[in-house]
Protein chains: 2
Amino acid sequence: MARRSDHTRDELKELAIAAGCALIVEKGFAQFSARGVAGRIGYTVGTLYNVFGSLDEFILCLNARTLDAWYDYLCAAIDGAKSGQLLKLAMAYINFAQQHVNLWSALFLHQSEQEVPDWYKAKTRRFFDLVESVLAGQSNEDEKTIRIQAKTLWAGIHGICVLSLGNQLAQVDAGSAETLARHLIEALVVEKD
Amino acid sequence: MARRSDHTRDELKELAIAAGCALIVEKGFAQFSARGVAGRIGYTVGTLYNVFGSLDEFILCLNARTLDAWYDYLCAAIDGAKSGQLLKLAMAYINFAQQHVNLWSALFLHQSEQEVPDWYKAKTRRFFDLVESVLAGQSNEDEKTIRIQAKTLWAGIHGICVLSLGNQLAQVDAGSAETLARHLIEALVVEKD
DNA sequence: ATTGTTATTGAACGTTGTATAATTATAGTG
DNA sequence: CACTATAATTATACAACGTTCAATAACAAT
């Protein structure tokens, strides 16, 4: 019952990615499976392997989609703002993670067996560059310091996000993720005079 | 061929946990399996289920062991030191994670299906308390501020650690995990006068 | 000895990732 | 239009996994 004209290769890819994301959203990454996705799009696992090569690659594509959406979300958050961009960035970071917990968690839950390909690395690197450029417009430190500041800040926000979504911050009261993020930024970044 | 006097229930538990940790150390959490552990200790999966009830519970015990070792390591690092305790704490944090990547990663890779039991929560809570107490001896802010500082700091170090071990910091040069941690602490904490 | 209890096993079930041979649909060619 | 080559899709198979449970073995008590 091979249907070849139902969907082009690209349509199929898109179909599978959409279904994969939906599956992760609904059931979480732990319940994600190739057969689950295949069933949702009316194909068989074999087709997925034919299109993506391996499950690893497939998940990489799924996570890449999330990275793109996340990045766009961050860009939109600071678009047109001239002050407090860092805070807006941090809040957008946290908001996205909270609103798409399962997709966001999948980014870090999936441990690729192979070395992560360059095109994927580039997608994660963009985030650093974003923070760095925002920071550069707000601080008058030298480039090296800004680089370190950006990494520290980014990692810090990430840590807050991870622990917050893992409910490992909730048990210790005092301060939501947003509060901590604000605290971190205020301490770490000295506003330009 | 049931042998009942070979090991008491507690010995068996200890045996299984040790073998489980060894398996994670050697092959990583992704390759961990109940059958793998059972094989190493010369028992069957059924026995593990009998002793631990479920795989979830078993892994919880494994991670608890890691948490204990980690906590002890942190305590030892600041034992007897009267200055720069925070930095020592952060470095110990990072050192432990680096030296026991697989065990440390398992702590966050394992997503328990059930709500995490209280005895386990207590073990993670201790870490916050530790940071908080160190911070209290070093700062003269009020309690609430210290609480927030502790959480921000802890989450920040954690984020640095996560990204560092995931090689997501390496691609952006400038600054090891240790450098970032030092930077974070200096910015976040104002030493007592 | 016999019994009751409990640890341990072995086998089974459903599901997973992965590979491959067998099918089927299409494109190309005469 | 018929025939063939090519590529997509399926069906099937395999080993390993988590999980359950009846059968079995070992022990404690009487």
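So you know, we letter chains A, B, ... as the sequences are listed, proteins then strands, and number each from 1.
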#### Entry: Min side-chain heavy-atom separation B:Asp56-B:Gln114 under 4.5 Å
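Yes; the side chains approach each other to less than 4.5 Å.
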### Test item: A:Glu14 and A:Arg9 side chains (from C-beta on) under 4.5 Å apart, heavy atoms
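Side chain of A:Glu14 against side chain of A:Arg9, heavy atoms only: no contact under 4.5 Å found.
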Strictly distance-based, threshold 3.5 Å: is any side-chain N or O of [X] a donor or acceptor partner for the main-chain N or O of [Y]?
| X | Y | value |
| --- | --- | --- |
| B:Thr8 | B:Glu11 | yes |
| B:His183 | B:Thr179 | no |
| B:Ser139 | B:Leu135 | no |
| B:Gln149 | B:Leu188 | yes |

Can you name the atoms? Protein N/O to nucleotides 14-16 of chain C N/O, anything below 3.5 Å, with the distance.
from	atom 1	to	atom 2	distance (Å)
C:dT16	OP1	A:Ser33	OG	3.4

### Task
Tell me which residues in residues 44-54 of chain B put a heavy atom below 4.0 Å from DNA chain D, sorted by number, or none.
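Here the set is B:Val45, B:Tyr49.
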### Message
Using a 4.0 Å cut-off on heavy atoms, which residues in residues 10-28 of chain B reach DNA chain C? List them by number, or say none.
### Response
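The answer is B:Leu12.
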How long is the line joining [atom1] of [X] and [atom2] of [N], in whole Å?
| X | N | atom1 | atom2 | value |
| --- | --- | --- | --- | --- |
| A:Asp56 | C:dT18 | CG | P | 7 Å |
| A:His7 | C:dT26 | NE2 | P | 13 Å |
| B:Asp6 | C:dT6 | CG | C1' | 15 Å |
| A:Tyr43 | C:dT24 | OH | P | 17 Å |

### Message
salt bridge (charged side-chain N to carboxylate O under 4.0 Å, His left out) for B:Glu115 and B:Lys121? Distances and angles first, verdict last.
### Response
CA-CA 10 Å; B:Glu115 162 94 348; B:Lys121 280 185 184 169; 2.8 Å; yes
### Task
Taking the six-membered ring for Trp and the single ring otherwise, decide whether the centroids of B:Trp70 and B:His158 are under 6.0 Å apart.
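Aromatic pair excluded; centres sit 6.0 Å or further apart.
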### Query
Is the distance between the ring centroids of A:Trp154 and A:Phe127 under 6.0 Å?
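Ring centres of A:Phe127 and A:Trp154 closer than 6.0 Å.
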### Message
Closer than 4.0 angstrom, basic N to acidic O: yes or no for B:Asp68 and B:Arg126?
### Response
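Between B:Arg126 and B:Asp68 there is a salt bridge, with a charged N closer than 4.0 Å to a carboxylate O.
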